[in-house]
Protein chains: 2
Amino acid sequence: MESIDAVGPAPELVSDVFARACTSRAAFEDVTSRWSSLVLLALAEGPHRFGELRRRVEGVSERMLAQSLRGLERDGLVSRADAGTIPPRVDYELTGLGARVAEGLRGLADVLESAVPEIDRARLDYDAR
Amino acid sequence: MESIDAVGPAPELVSDVFARACTSRAAFEDVTSRWSSLVLLALAEGPHRFGELRRRVEGVSERMLAQSLRGLERDGLVSRADAGTIPPRVDYELTGLGARVAEGLRGLADVLESAVPEIDRARLDYDAR
DNA sequence: CGGTATCCACCAAGATACTG
DNA sequence: CAGTATCTTGGTGGATACCG
């Protein structure tokens with residue numbers, strides 16, 4: 001008889017963003033959460049210090065930035081380097097995984113940025129109904 | 001003298017997701033909002049009826065699904081086709097722009113789904129500190 | 001079936017103040 | 001500079017009930 005689930009490389013199909021209990025769903029929600037996505041986008045341009053990120057991501061509060069950074073660090077997307085000096089200096093940068101995620105986010109942002117006129121028109125049409 | 005801003009295609013650089021007031025930032029937040037992203041992902045697999053979407057996107061309530069669909073329709077990412085029959089039948093599908101956005105989202109989901117072991121390990125490490 | 005209306009709980013998130 | 005602590009509030013979103 002033929003062997004069932006015999007050889008072949010790793011399944012890969014065990015993860016599913018649609019599944020509530022899957023880690024990928026949680027990570028997906030982290031990554032797409034309001035401030036984390038913009039933080040990843042900012043870090044895609046290179047390492048940033050806390051204050052630099054705060055200025056780059058318009059509108060984020062210190063609290064939310066710190067919280068977002070903790071979450072991204074926990075998921076292994078961002079690494080934190082504390083110089084241990086006074087005054088303090090902490091640099092944040094993307095990990096390899098973080099860079100791959102940020103790349104996807106960048107693609108998304110590019111599509112949206114170039115579609116602004118189209119979106120504005122669609123909204124006008126919709127709101128006029 | 002050389003002409004400044006003479007020829008070349010459209011600037012394209014006027015839009016910026018980092019800018020609070022930019023349409024692209026708003027659209028980016030819509031697209032990455034909790035349920036809308038999963039709805040787009042589901043619709044990337046083909047047109048769905050309301051109930052099908054509700055089952056496909058685990059955990060979404062009727063209220064949130066309806067609300068997400070309105071938002072996506074308003075941004076011109078999803079089109080709604082009401083058959084006008086009784087019992088009602090309404091089909092949702094991606095527009096051209098919606099398809100491009102969903103493609104980006106799919107890439108993101110793929111990265112995350114394949115990185116589940118890596119993320120799980122990172123979380124374990126982080127929580128153990 | 002495909003929604004809308006209403007009520008309510010929680011927490012995301014802003015403001016402010018303070019510290020190593 | 002890089003955060004944490006505390007307080008407060010508005011909005012997100014769940015549950016339920018109802019309608020065409």
Side-chain angles (χ1 to χ4, degrees), chain A residues 18 20-21 25-40 42-43 46-75 78-93 126-127 129, chain B residues 18 20-21 25-40 42-43 46-75 78-93 126-127 129:
Chain A
F18 288 109
R20 258 192 294 193
R25 163 88 168 250
F28 187 76
E29 289 184 358
D30 286 348
V31 160
T32 58
S33 72
R34 184 163 187 196
W35 299 113
S36 295
S37 52
L38 292 174
V39 168
L40 287 171
L43 290 177
H48 284 66
R49 297 178 61 175
F50 189 87
E52 291 171 345
L53 283 173
R54 184 139 163 52
R55 282 184 295 277
R56 183 76 180 112
V57 180
E58 272 186 39
V60 70
S61 65
E62 291 185 357
R63 177 181 152 78
M64 283 301 100
L65 178 55
Q67 193 170 301
S68 299
L69 285 168
R70 298 299 157 262
L72 294 173
E73 199 191 346
R74 191 173 102 98
D75 286 345
V78 165
S79 67
R80 190 187 117 106
D82 187 337
T85 57
I86 290 184
R89 176 188 178 103
V90 181
D91 283 89
Y92 293 94
E93 67 178 323
Y126 186 91
D127 294 342
R129 293 188 317 155
Chain B
F18 288 109
R20 257 192 294 192
R25 163 88 169 250
F28 187 77
E29 290 183 357
D30 286 348
V31 159
T32 58
S33 73
R34 185 163 188 196
W35 300 112
S36 295
S37 53
L38 292 174
V39 169
L40 287 171
L43 289 177
H48 284 67
R49 297 179 62 176
F50 189 87
E52 291 171 346
L53 283 173
R54 183 141 164 52
R55 283 185 294 277
R56 183 75 179 114
V57 180
E58 271 186 39
V60 71
S61 66
E62 291 185 357
R63 177 180 150 80
M64 283 302 102
L65 178 55
Q67 194 169 300
S68 300
L69 285 168
R70 297 300 157 263
L72 294 173
E73 200 191 345
R74 191 173 103 97
D75 285 346
V78 165
S79 66
R80 189 187 119 105
D82 187 337
T85 57
I86 290 183
R89 178 189 176 101
V90 181
D91 283 87
Y92 293 93
E93 66 178 324
Y126 186 91
D127 294 342
R129 294 187 319 154

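In what follows, every chain begins at residue 1, and chains take the letters A, B, ... in the order their sequences are listed.
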Could I get the full list of side chain to side chain donor-acceptor pair (under 3.5 Å) partners for A/T32, not counting sequence neighbours?
-> none
Who pairs with A/R56 by side chain to side chain donor-acceptor pair (under 3.5 Å), at least two apart in sequence or on another chain?
-> A/E45
Report the distance from atom CZ of A/F50 to atom CZ of A/R89, rounding to the nearest 0.5 Å.
-> 14.5 Å
Test side chain to side chain donor-acceptor pair (under 3.5 Å) applied to B/E93 - qualifying residues, sequence neighbours left out | none
May I have the distance from B/I86 (atom CD1) to C/dC1 (atom C1'), rounded to whole angstrom?
-> 10 Å
Rounded to the Å, how far apart are B/E73 CD and C/dG2 P?
-> 15 Å
For B/R34, check side chain to side chain donor-acceptor pair (under 3.5 Å) against everything at least two apart and list the hits.
-> none
Find the bend of the helix from C/dC1-D/dG20 to C/dG20-D/dC1 as the angle between its two terminal axes (five pairs each), to the nearest 10°.
-> 60°
Return the set of residues passing salt bridge (charged side-chain N to carboxylate O under 4.0 Å, His left out) with B/R49 (not counting sequence neighbours), or none when no residue passes.
-> none
Length of the line joining B/D82:CG and C/dC1:C1', which is rounded to integer Å | 11 Å
In Å and rounded to the nearest 0.5 Å, what is the CG to NE2 distance from A/L43 to A/H48?
-> 6.5 Å
Mind checking salt bridge (charged side-chain N to carboxylate O under 4.0 Å, His left out) for B/R80 and listing every partner two or more places apart, or none if nothing turns up?
-> B/D82
A/D30 side chain reached by A/S36 side chain, heavy atoms, under 4.5 Å | no
Which nucleotide span of DNA chain D, 5' end to 3' end, has atoms closer than 4.0 Å to non-hydrogen atoms of chain A?
-> D/dC1 to D/dT6
Which letters describe nucleotides 4-20 of chain C, given B = protein heavy atom under 4.0 Å from base, S = only from sugar-phosphate, - = neither?
-> B-B------BBB----B
Value in whole Å for how far the C1' atom of C/dG2 lies from CZ of B/R80 = 8 Å
Side chains of residues 57-70 of chain A: which donor-acceptor pairs under 3.5 Å do they make with residues two or more places apart or in other chains?
residue	atom	partner	partner atom	Å
A/E58	OE1	B/R20	N	3.2
A/S61	OG	A/M64	N	3.2
A/S68	OG	A/M64	O	2.8

